[in-house]
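Okay, so here's the structure we're looking at.
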2 protein chains.
Amino acid sequence: MATMAAGGLTDEEQRTWRNFARAARLLFAQLDRDLSRDAGMVPGAFELLVILSEAPNRALRMNELAEATLSSPSRISHAIERLAELGWVERTTCPSDRRGWLAVLTDKGYEALAAAAPPHIEHIRTHLFEGLSDNDVAELGRICNTILSRLPASGAAGGGCAAE
Amino acid sequence: MATMAAGGLTDEEQRTWRNFARAARLLFAQLDRDLSRDAGMVPGAFELLVILSEAPNRALRMNELAEATLSSPSRISHAIERLAELGWVERTTCPSDRRGWLAVLTDKGYEALAAAAPPHIEHIRTHLFEGLSDNDVAELGRICNTILSRLPASGAAGGGCAAE
DNA sequence: AGCTCCTATTTGAGTGCTCAACTGTTGCTG
DNA sequence: CAGCAACAGTTGAGCACTCAAATAGGAGCT
């Protein structure tokens with residue numbers, strides 16, 4: 001029944017596209033659920049905390065956060081406000097540029113991250129990697145890197161940014 | 001800097017995970033933007049229209065829609081209401097089960113889908129497939145299918161459901 | 001019939017995201 | 001050193017999704 005969604009894709013491409021979309025969405029949904037159940041963490045908060053924890057002085061400017069998470073300044077602004085209400089980050093003015101703000105990970109935020117990380121990583125392993133061979137993992141990484149490199153404003157190759 | 005997010009993953013796994021997550025999110029975000037720009041279609045609406053268009057009589061029950069799109073009954077209920085307001089679907093009572101409702105794709109909805117599909121597919125090709133070899137496509141499909149098959153409540157293999 | 005449990009769906013409150021203004025800074029240019 | 005475009009970030013409205021509660025019909029048992 002290769003009707004509407006078929007267009008100019010081969011059968012193989014259609015299958016791959018649907019599998020890729022389903023796998024990605026289901027996987028992210030599962031991980032988000034796990035994270036919110038285990039750590040009471042809203043989807044996306046974890047990523048912000050990780051990135052901050054890896055930054056020098058555990059601090060980053062808002063636009064750097066936006067870039068690192070591939071999201072809009074607006075989203076970062078809202079999200080950091082929520083994290084600040086939880087006491088997980090603090091905002092300090094940027095010394096070198098009075099327009100800017102630094103989001104700083106607090107000790108409390110670091111602890112929340114430290115508590116959330118191990119189960120989360122375990123879930124990534126069980127849901128994503130456990131069924132894949134070493135070769136599959138390498139192939140998947142390579143292919144995704146290729147996809148990334150062709151997407152607008154991606155920052156592909158090796159892991160991008162300072163987030164590694 | 002393999003700190004918090006490292007845990008029990010190898011370097012290769014970390015790289016693959018980050019590339020996969022970035023590629024998937026960036027790709028979906030791009031396609032959603034394209035779709036909403038070209039067709040004024042909210043993310044997710046397209047998928048519903050496709051599934052309805054492929055169903056017998058262009059009609060499906062709410063729970064079937066939920067299953068096919070891997071989403072909650074609640075989301076379907078809200079989403080179909082929005083599509084109904086646009087005149088793209090209609091709701092009729094289900095003859096065999098008075099609890100149920102059928103969502104039926106209208107001609108207007110079919111036209112909207114027919115207009116939206118070609119550019120969308122073209123975008124899938126350019127963003128996802130154009131940089132991949134035939135072998136990459138096959139590998140990616142196979143790997144995603146493996147991932148799917150190990151995820152709870154997935155319905156993997158060959159394309160799942162009637163959606164092919 | 002009547003009871004009870006299960007399934008199908010809707011509803012509404014709450015929350016996070018997007019998009020389009022808006023405020024305040026910086027730094028280039030004449 | 002004005003003037004002004006570009007930049008950094010916030011704000012608020014609007015919308016889509018989630019979760020829990022509510023409605024309502026079916027199915028099986030006695």
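The chains referred to below are lettered A, B, ... by the order of the sequence lines, with proteins before strands, and numbering in each begins at 1. Note that these values count all heavy atoms, side chains included, but never hydrogens, waters or copies made by symmetry.
- Of the residues listed (A:D136, A:N19, A:T16), the one engaging B:R142 in a side-chain hydrogen bond (donor to acceptor under 3.5 Å, both in side chains) is A:D136, and it is the only one.
- In this structure, A:L70 atom CG and C:dC17 atom P are separated by 14 Å, rounded to whole Å.
- Between the CG atom of A:D32 and the P atom of D:dC19 there is a distance of 10 Å, rounded to whole Å.
- When all heavy atoms of B:R125 and A:G8 are compared, the closest pair comes out as NH1-O, 3.1 Å.
- Nucleotide D:dC7 holds its P atom 13 Å from the CD atom of A:E67, rounded to whole Å.
- For residues 83-107 of chain B, the pairs satisfying side-chain hydrogen bond (donor to acceptor under 3.5 Å, both in side chains) are B:D97-B:R99, with sequence neighbours left out.
- Axis orientation changes by 20° from one end of the helix from C:dA1-D:dT30 to C:dG30-D:dC1 to the other, with each end axis drawn from 5 pairs and the value rounded to 10°.
- Identified under the side-chain hydrogen bond (donor to acceptor under 3.5 Å, both in side chains) test for residues 26-38 of chain B, with sequence neighbours left out: B:Q30-B:R33, B:Q30-B:D34, B:D34-B:R37, B:D34-B:H127.
- If you take CZ of B:R82 and P of C:dT11, they are 13 Å apart, rounded to a whole angstrom.
- Side chain of A:H123 to backbone of A:P119: a donor-acceptor contact under 3.5 angstrom is found.
- Along DNA chain D, the nucleotide closest to A:W101 and the one closest to B:P43 are compared, and the more 5′ of them pairs with A:W101.
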N/O-N/O pairs, protein side and nucleotides 24-27 of chain D side, under 3.5 Å:
residue, atom, partner, partner atom, Å
D:dG25, N2, B:R99, NH1, 3.1
D:dG26, OP1, B:R98, N, 3.2

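- Between the CD atom of B:E64 and the P atom of C:dA8 there is a distance of 10 Å, given to the nearest Å.
- To the nearest angstrom, P of C:dA8 lies 17 Å from CZ of B:R91.
- Mapping B:R61 and A:A79 onto DNA chain C by nearest heavy atom places B:R61 at the nucleotide closer to the 5' end.
- Atoms CE (A:M62) and P (C:dT23) sit 19 Å apart, rounded to a whole Å.
- With respect to A:E64 and A:R61, no salt bridge is recorded, no charged nitrogen being found less than 4.0 Å from a carboxylate O.
- Atom-to-atom, CD of B:E81 to C1' of D:dC17 comes out at 14 Å; the value is rounded to the nearest Å.
- For A:S74, there are no side-chain hydrogen bond (donor to acceptor under 3.5 Å, both in side chains) partners at least two apart in sequence or on another chain.
- The backbone N or O of B:P73 sits nowhere less than 3.5 Å from a side-chain atom of B:S77 that would complete a donor-acceptor pair.
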List, with names and distances, any nitrogen or oxygen atoms from the protein found under 3.5 Å away from nitrogen or oxygen atoms belonging to nucleotides 19-21 of chain C.
residue, atom, partner, partner atom, Å
C:dC19, N4, A:S74, OG, 2.5

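- Closest non-hydrogen pair, B:G131 versus A:T146, comes out as O-CG2, 3.6 Å.
- Contact between the side-chain N/O atoms of A:N63 and the OP1/OP2 oxygens of D:dC7 is not found at any separation under 4.0 Å.
- In this structure, A:R75 does not pair ionically with A:E81, as no charged nitrogen and carboxylate oxygen lie closer than 4.0 Å.
- The CG atom of A:L49 sits 11.5 Å away from atom OH of A:Y110, with the distance rounded to the nearest 0.5 Å.
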